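Just below is one structure, and these are the notes that go with it.
Bear in mind that the values here come from a model prediction, so they are computed numbers and not experimental data. Keep in mind that the numbers below use all heavy atoms, side chains included, and drop hydrogens, waters and symmetry copies.
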Amino acid sequence: MIRLHKYMAQCGVASRRKSEELIKSGAVSVNGHVVKDMGILIDPQKDEVRVYGRIIRLKSDMIYIAVNKPRGYVSTVKDQFGRPTVLDLVPVADEYRLYPVGRLDYDTTGLILLTNDGDLTYRLTHPKHEIEKIYVAGLRGIPDNQDIFRFEHGLVLEGRLTAPAGFELIKADQRLSVVKITLREGRNRQIRKMCDMIGHPVIWLRREAIGEVELCGLQPGQWRYLTPKEIEYLKYLR
């Protein structure tokens, strides 16, 4: 027996969180009856589950892809304004019903993962499983030691103190500095807001790595399948 929303995620319908929303909306039926109970248990061997009238089944072909998101793309499945999405860059996205793991904002480039593995998406996006993410950014001006100390030890952002972070100055001239930033949390536009708070706005921002998964030479717009070693690493994160 397995909880309905978890089964839906394993079938590649959506993440667990999105699957819960589908259940609440009345889009899901079990054995011909619409269900809205989050705690319902089903037997995949006996019960027939439908989403919007379509039978769903466990997927044996889970796909894991790394994309170097270019500027000007959104990291959602669909965009209400018709802007291009990261799924448009991957020809197999529709065939395997892939969706992004987390988000990068419109102007941020770099590594984003796509998968149809709902369980993995849940683990990687749940706050208690936040993993280290590495960014490189171009900032206006040159942060001094006090700026770096404030960034690393926490800033009060929208009423909450940010978690400890890494901040390393790579190079600088009179107008621009290039820095490496390491985060373990992922609030909306967090790096941009934090850099504004220390007086050095972001000019450009690129995500280089999610844990041990890196871009590995991907150019903007390019993608690759994750290696078995990378997949195993992500699945067994603690």
Side-chain angles (χ1 to χ4, degrees), residues 15-17 64-76 86 99-115 120-172 176-218 220 226 230-231 233-238:
S15 67
R16 289 193 195 180
R17 192 173 294 116
Y64 308 88
I65 284 175
V67 180
N68 186 344
K69 185 186 93 65
R71 186 178 181 276
Y73 281 71
V74 294
S75 50
T76 56
V86 288
Y99 41 85
V101 179
R103 293 191 177 186
L104 288 177
D105 67 52
Y106 184 78
D107 292 318
T108 299
T109 66
L111 179 62
I112 189 165
L113 304 181
L114 307 181
T115 187
L120 182 65
T121 299
Y122 175 80
R123 296 187 70 243
L124 294 183
T125 56
H126 194 282
K128 72 177 182 180
H129 294 303
E130 278 293 349
I131 63 175
E132 186 174 88
K133 300 178 182 70
I134 297 174
Y135 300 79
V136 175
L139 307 184
R140 186 172 299 142
I142 305 174
D144 59 23
N145 288 338
Q146 183 178 3
D147 296 327
I148 295 173
F149 180 89
R150 291 176 60 212
F151 191 102
E152 290 184 328
H153 290 79
L155 297 165
V156 179
L157 184 62
E158 297 169 350
R160 289 191 297 130
L161 188 68
T162 59
F167 190 104
E168 177 185 347
L169 185 63
I170 299 175
K171 61 180 181 180
L176 173 73
S177 55
V178 178
V179 301
K180 174 183 174 182
I181 294 172
T182 304
L183 293 184
R184 283 188 171 272
E185 60 182 349
R187 304 191 207 177
N188 182 41
R189 298 177 67 85
Q190 180 172 346
I191 290 177
R192 295 179 185 277
K193 292 175 180 177
M194 291 178 70
C195 290
D196 284 345
M197 291 180 72
I198 64 171
H200 298 282
V202 170
I203 299 172
W204 55 265
L205 178 62
R206 179 177 69 248
R207 183 156 68 191
E208 294 281 325
I210 299 173
E212 296 179 5
V213 180
E214 301 176 350
L215 283 172
C216 295
L218 289 178
L226 297 193
E230 288 172 326
I231 295 169
Y233 160 75
L234 291 173
K235 285 190 171 185
Y236 291 97
L237 277 171
R238 291 292 182 268

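- Sorted by first and then second residue, the side-chain hydrogen bond (donor to acceptor under 3.5 Å, both in side chains) pairs involving residues 153-172 (not counting sequence neighbours) are Glu158-Lys193.
- Contacts of Pro164 classified as side-chain contact (heavy atoms from CB on, under 4.5 Å), with partners at least two apart in sequence or in another chain: none.
- Scanning for ring pair (Phe, Tyr, Trp, His ring centres under 6.0 Å) contacts around Tyr122 gives His126, with sequence neighbours left out.
- Applying the salt bridge (Lys or Arg N to Asp or Glu O under 4.0 Å) rule to pairs touching residues 143-152 yields nothing, sequence neighbours excluded.
- Judged as a side-chain hydrogen bond (donor to acceptor under 3.5 Å, both in side chains), and not counting sequence neighbours, the contacts of Gln190 are Glu185.
- Side-chain atoms of Ile65 and Leu226, non-hydrogen and from C-beta on, never get closer than 4.5 Å to each other.
- Taking 4.5 Å as the limit, every side-chain heavy atom of Thr109 sits out of range of all side-chain heavy atoms of Pro70.
- Every residue meeting the salt bridge (charged side-chain N to carboxylate O under 4.0 Å, His left out) condition with Arg16, not counting sequence neighbours, appears here in chain and number order: Asp119.
- Counting all heavy atoms, side chain and backbone alike, Thr125 lies closest to Gly102 at CG2-N, 3.6 Å.
- Put simply, the side chain of Tyr106 never gets that close to the backbone of Tyr73: no donor and acceptor are under 3.5 Å apart.
- Here Glu230 contributes atom CD and Cys216 contributes atom SG; the two are 5.5 Å apart, rounded to the nearest 0.5 Å.
- Gly154 approaches Leu161 most closely through the heavy-atom pair C-CD1, 3.5 Å.
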Would you be so kind as to tabulate the donor-acceptor pairs closer than 3.5 Å made by side chains of residues 176-183, with sequence neighbours excluded?
from: Ser177; atom 1: OG; to: Gly141; atom 2: O; distance (Å): 2.7

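- For the side-chain contact (heavy atoms from CB on, under 4.5 Å) test, residues two or more places apart in sequence or in another chain that qualify with Thr115 are Tyr64, Val101, Asp117, Thr121.
- When every heavy atom of Pro143 is checked against every heavy atom of Leu169, the shortest pair comes out as CD-CD1, 4.4 Å.
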For residues 204-211, please give each side-chain donor-acceptor pair under 3.5 Å, one per line with the distance, not counting sequence neighbours.
from: Arg206; atom 1: NE; to: Glu208; atom 2: OE2; distance (Å): 2.3
from: Arg206; atom 1: NH2; to: Glu208; atom 2: OE2; distance (Å): 2.9
from: Arg207; atom 1: NE; to: Leu111; atom 2: O; distance (Å): 2.7
from: Arg207; atom 1: NH1; to: Tyr135; atom 2: OH; distance (Å): 3.3
from: Arg207; atom 1: NH2; to: Leu111; atom 2: O; distance (Å): 2.9

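- Shown here for Leu104 and Lys69, the closest heavy-atom pair between the two residues is CB-CE, 3.6 Å.
- Taking the side-chain contact (heavy atoms from CB on, under 4.5 Å) definition, one finds that Asp105 meets it with Asp107, Thr108, Arg189, Arg192, sequence neighbours left out.
- Under the rule for a salt bridge (charged side-chain N to carboxylate O under 4.0 Å, His left out), Arg140 has no partner lying at least two apart in sequence or in another chain.
- A pairwise comparison of heavy atoms in Ile112 and Ser75 identifies CD1-CB, 3.3 Å as the closest pair.
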Working for side-chain contact (heavy atoms from CB on, under 4.5 Å), residues Ile203 and Leu139: CA-CA 5 Å; Ile203 299 172; Leu139 307 184; over 6 Å; no
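- Contact detail for Pro100 and Val86: the closest heavy-atom pair is CG-CG2, 4.0 Å.
- For Phe151, the ring pair (Phe, Tyr, Trp, His ring centres under 6.0 Å) criterion is met by Phe167, not counting sequence neighbours.
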